[in-house]
Amino acid sequence: MKTSHTVLAACLTAAFSLPAFAAAPAAASAAALSADSVNAAGKSEASGKAAKPGKANILRAQIMLDRAHFSSGEIDGAAGSNLRAAIAGYQSAKGIESTGAMNPATWAALNADSADALTTYTIADADVAGPFEAIPENMADKAKMTALGYASAEEALGEKFHASPALLKRLNPGKDLSRAGEQIIVPNVLDTEPLPKGGKIMVDKSARTLTLFDTAGKAIAQFPASTGSEHDPLPVGNWKVKGIAKNPVFHYNPKLFWDADAGEKKAKIPAGPNNPVGVAWIDLSKPHYGIHGTPVPASIGKTQSHGCIRLTNWDVASLMASVGAGTDVVLQD
């Protein structure tokens, strides 16, 4: 790291996606989800009663797993590969057969957390104060901005509650998400315990996950991750955390990107949640590589990167608080 707030790296979101998984987007259904139905979901299953899985079950599983630090990424109420991986990781950590599917034993473990999955929140002045500005695609145009903040109050609230703006709208029909004082229904993810000190990070390319272990070797968190591509493969091996930068500036160097447009020049991209590396950069001992956030949380685990390890902004912030210089990092296929 050149400074604690400057990043020079060869990793950005690739413009190509992995094959789609069989999961319909949450917005595909117009039916509203009630707080009561979601908060009750999975509780009869834990007692062994059979129940047909539904959208309320999916949403509650996503939220409770997030609270347990086994994230499925952006909470959207939809089943998919990230949710299956989160369930499987949680099951393994709890000594439950790792199937990637919810079952009575998994619900029983999650239900040890008695908090409601959905809760009410009153939008504060700070949530809608902005400034909100559209974010340009071009790096040179990004460099002209003073900060890369949120484009809208809906985006800011989505990041705050680890949820897609579409889900927040679905949970709050008729509500104005840009008005201070509006009471809304949100995922209950703000009152969770912080992670204890991490001892090792393991990134699994094939599983598209990052797992954090404590100093005793126990898995304590898992996050979906985007990792490398055929042009910029994940640097498999054993590395160390060198340092951490919060809200980093990104120094874009087109010579480090195989897909840079001809004629592009170096650019200094200001900090902010819509910075190409998001709200945090965890520098690795492999030059130009790190673990970082993203301005596009819905893409995590579904797109490829330029070699680095990309998490949602809230997951990388959680990880950043648990690790430090010297933490072991294992990158594997």
Side-chain angles (χ1 to χ4, degrees), residues 1-15 73-74 126-127 129-162 164-165 210 223-228 232 241-257 259-261 264-284 287-321 323:
M1 304 280 293
K2 298 298 183 184
T3 75
S4 62
H5 299 288
T6 301
V7 170
L8 175 60
C11 52
L12 280 176
T13 305
E74 187 177 65
D127 294 321
F132 301 116
E133 296 181 275
I135 308 299
E137 291 293 328
N138 184 273
M139 286 292 183
D141 292 333
K142 283 183 170 72
K144 296 175 184 177
M145 301 183 73
T146 57
L148 290 175
Y150 295 114
S152 67
E154 292 174 2
E155 182 188 25
L157 287 168
E159 290 244 334
K160 183 169 190 170
F161 294 105
H162 307 179
S164 70
L210 181 152
F223 310 119
S226 293
T227 59
D232 299 291
V241 171
K242 283 184 62 180
I244 295 173
K246 184 177 180 180
N247 293 319
V249 168
F250 183 81
H251 284 249
Y252 175 64
N253 183 353
K255 291 183 179 180
L256 298 176
F257 295 88
D259 56 349
D261 293 333
E264 277 194 303
K265 298 180 180 180
K266 292 181 179 180
K268 182 179 178 181
I269 311 302
N274 272 304
N275 179 283
V277 295
V279 300
W281 172 267
I282 300 174
D283 197 36
L284 300 184
H288 303 310
Y289 285 86
I291 302 167
H292 62 85
T294 180
V296 191
S299 70
I300 297 301
K302 304 298 174 68
T303 58
Q304 297 172 319
S305 74
H306 285 79
C308 290
I309 300 99
R310 197 158 26 93
L311 311 178
T312 65
N313 278 339
W314 53 88
D315 286 341
V316 78
S318 180
L319 178 66
M320 174 182 67
V323 302

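FYI, side chains are in, hydrogens and waters are out, and symmetry mates aren't considered; it's all heavy atoms of this structure.
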Apply side chain to side chain donor-acceptor pair (under 3.5 Å) to Lys142 and list each qualifying residue two or more places apart in sequence or on a separate chain.
none
With sequence neighbours excluded, tell me which residues meet side chain to side chain donor-acceptor pair (under 3.5 Å) with Asn313.
Glu159
Please table the atom pairs, donor to acceptor, closer than 3.5 Å between any side-chain atom in residues 268-275 and protein atoms at least two apart or in another chain.
residue, atom, partner, partner atom, Å
Asn274, ND2, Gly149, O, 2.8
Asn274, ND2, Glu155, OE1, 3.4
Asn274, ND2, Glu155, OE2, 3.3
Asn275, OD1, Val277, N, 2.8
Asn275, ND2, Pro248, O, 3.4
Asn275, ND2, Ile269, O, 3.4
Asn275, ND2, Pro270, O, 2.8

Any chance you could lay out the side-chain contact (heavy atoms from CB on, under 4.5 Å) test for Ile135 and Met145, step after step, and finish with the verdict?
CA-CA 9 Å; Ile135 308 299; Met145 301 183 73; 4.2 Å; yes
Note: Pro297 and Trp314 closest approach over all heavy atoms is CB-CH2, 3.7 Å
Looking only at heavy atoms, what is the nearest atom pair of Gly301 and Ser226, with distance?
N-OG, 3.0 Å
Would you give the length of the straight line joining atom CZ of Arg310 to atom CD1 of Ile291, rounded to the nearest 0.5 angstrom?
13.0 Å
Which distance, rounded to the nearest 0.5 Å, do you find between the CD1 of Ile309 and the CG of Leu284?
5.5 Å
Should Ile244 and Val323 count as side-chain neighbours, where that means a heavy-atom distance under 4.5 Å?
yes
Between Phe250 and Pro276, the two heavy atoms sitting closest are CD2-CG, 4.2 Å
Can you name the nearest heavy-atom pair linking Gly73 to Asp315, along with the distance?
CA-OD2, 4.5 Å
Show the nearest heavy-atom pair for residues Thr294 and Leu311, with the distance to one decimal.
CG2-O, 3.3 Å
Pro136 side chain reached by Lys144 side chain, heavy atoms, under 4.5 Å
no
With sequence neighbours excluded, tell me which residues meet side-chain contact (heavy atoms from CB on, under 4.5 Å) with Ala298.
Glu74
In terms of heavy-atom contacts, Cys308 and Gly290 come closest through CB-O, 3.3 Å
